[in-house]
Amino acid sequence: MTEVLRSRLPGQKARTTMRPLTFSDDKDNEEKWVPGGARSAPDAFREFVDRHRAEDNASFRIEDEEHEEALLLMFDAGTICRIKGAQDSQVDYRLVTNGGDYRSQVANFVRGGLTALDRGGPWLPDVAALDRARLRFEFDGSVLRRTHPRELRRRLEILTVIDGHEPTTVDGVTHYGFGNGGGDTVNAWFTADGRGLVTTFDHTGALNFYEDPQAQAALYDGVPADLLAMVKDAPETETTLEVGGLVAASGVFTFSGPCAMAEGLVSRLQEAQLGITETGVGWLLEGLLSLEDFTPAAVAEEVAWWSAEEIEKGFVAGAQEQPAPFDQETVDRFCRIWADSGYNDRWDVHYVLFDGDTGEARDELLALVRTLGLERVDAPPGAPDGEVWVRTDPRIDAELERWS
């Protein structure tokens with residue numbers, strides 16, 4: 001029985017799975033596949049790729065010539081393109097984040113043409129958007145993204161004290177900051193419920209806009225208004241500089257949801273073809289976050305900015321008390337909901353619950369989050385409506401081991 005796709009793009013007709021296809025590559029190798037043979041189209045295409053792929057031959061095309069549709073797999077660029085039209089073609093781009101994406105998109109194309117590819121989005125309209133997506137994906141695997149904000153704040157507090165300052169709280173926002181003594185700094189602002197902003201400033205880097213207020217302001221584009229207020233007309237400190245009413249920064253990282261680069265920063269990196277290293281976050285902050293054992297000795301070995309005595313004093317002054325235990329019945333109710341509808345994100349920084357569910361159980365969850373004092377954050381772009389993101393807590397994690 002022929003499968004007909006129900007969903008279709010504007011101007012596109014549904015089509016059957018049984019149609020001739022053409023395989024080709026950048027070396028002018030070509031193979032025709034017709035229905036009814038011993039091999040399926042995906043298997044035949046995979047064999048074609050395996051037979052011809054080489055260091056100088058990494059782009060392969062599967063095409064439906066009759067309907068002027070094609071899928072282009074660019075293995076060396078980690079990209080898939082869907083192409084409509086033989087002339088003045090419309091091209092959309094997809095960032096490949098795992099090897100299975102190539103196989104699944106080929107299978108979808110074989111099954112139903114371009115209309116079958118929408119369900120596995122997102123598809124991006126141009127190369128610039130693809131480059132921005134690649135930067136976001138790269139950052140999603142970074143040390144800063146993987147570090148729990150609770151641990152980040154703990155380390156920032158110690159590093160602030162080591163640097164000779166005290167964290168200061170004004171109107172419910174606590175500021176942390178330290179520098180290397182040479183003009184390069186890390187600053188952070190967090191509210192009591194965990195919303196925050198982290199900035200880095202590498203004064204020798206390509207993103208130093210101290211003398212260009214307009215370019216500096218553009219790096220902050222997309223930062224939520226409540227976070228932007230933290231760095232707007234902020235009191236100048238030993239670790240901050242003011243540029244056009246904003247704190248000077250070469251890197252801007254938001255903590256309204258999962259840690260992310262500000263959209264303005266992503267756009268600047270893409271337009272200037274710069275890497276995330278230009279923000280200075282790697283050498284200024286992530287080296288200190290990546291220390292498995294965050295001890296005075298480890299910090300002294302990682303950086304040469306402070307004396308051993310300064311580091312030791314900072315750790316003593318920055319010692320924190322252990323949080324009080326939760327009410328067991330309330331924790332059990334939370335864990336039960338997590339077991340029914342939740343999972344942890346890949347870095348175990350967030351509990352992710354209720355994919356699109358807006359019923360009574362979700363309302364109960366939100367009440368439990370408030371009762372337990374957990375930090376709920378904004379769901380990231382593209383998350384299903386109703387999805388709830390909550391930062392993980394070790395007291396909950398210990399109980400979840402019994403429920404997973």
Measuring centre to centre across the rings, with the benzene-like ring taken for any Trp, is Phe334 within less than 6.0 Å of Phe326?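 Between Phe334 and Phe326, the centre distance exceeds or equals 6.0 Å.
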
Can you check whether Tyr351 and Tyr343 have ring centres sitting under 6.0 Å from each other?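 Distance test on ring centres: not under 6.0 Å, no.
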
Relative to [Y], does [X] satisfy both conditions: NZ or CZ under 6.0 angstrom from the six-membered ring centre, and within 45 degrees of the ring's axis?
X: Arg53; Y: Phe75; value: yes
X: Arg268; Y: Tyr220; value: no
X: Arg153; Y: Phe190; value: yes

Minimum heavy-atom distance Cys335-Glu399, with the two atoms named: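 Heavy atoms of Cys335 and Glu399 come nearest at SG-CB, 3.8 Å.
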
Assign the ring pair Trp283 / Trp305 to parallel, tilted or perpendicular, where the plane angle (0 to 90°) is split at 30° and 60°.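 Rings of Trp283 and Trp305: perpendicular, over 60°.
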
Taking the six-membered ring for Trp, are Phe48 and Phe60 parallel (under 30°), tilted (30 to 60°) or perpendicular (over 60°)?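 Phe48 and Phe60: perpendicular rings.
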
Applying side-chain hydrogen bond (donor to acceptor under 3.5 Å, both in side chains) between His203 and each of Asn208, Asp184, Asn180, report the one that passes.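 For His203, the side-chain hydrogen bond (donor to acceptor under 3.5 Å, both in side chains) check succeeds only for Asp184.
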
How far does CD of Glu364 sit from CZ of Arg333, to the nearest 0.5 angstrom?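 Glu364 atom CD to Arg333 atom CZ measures 4.5 Å (nearest 0.5 Å).
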
More than 12 heavy atoms of other residues, nucleotides or ligands under 6.0 Å from CZ of Arg103: yes or no?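 Open: at most 12 neighbouring heavy atoms sit under 6.0 Å from CZ of Arg103.
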
By the definition side chain to side chain contact (heavy atoms under 4.5 Å, CB included), identify the one residue from Leu265, Val252, Leu274, Leu219 that meets it with Thr279.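 It is Leu265; the other options fail the test.
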
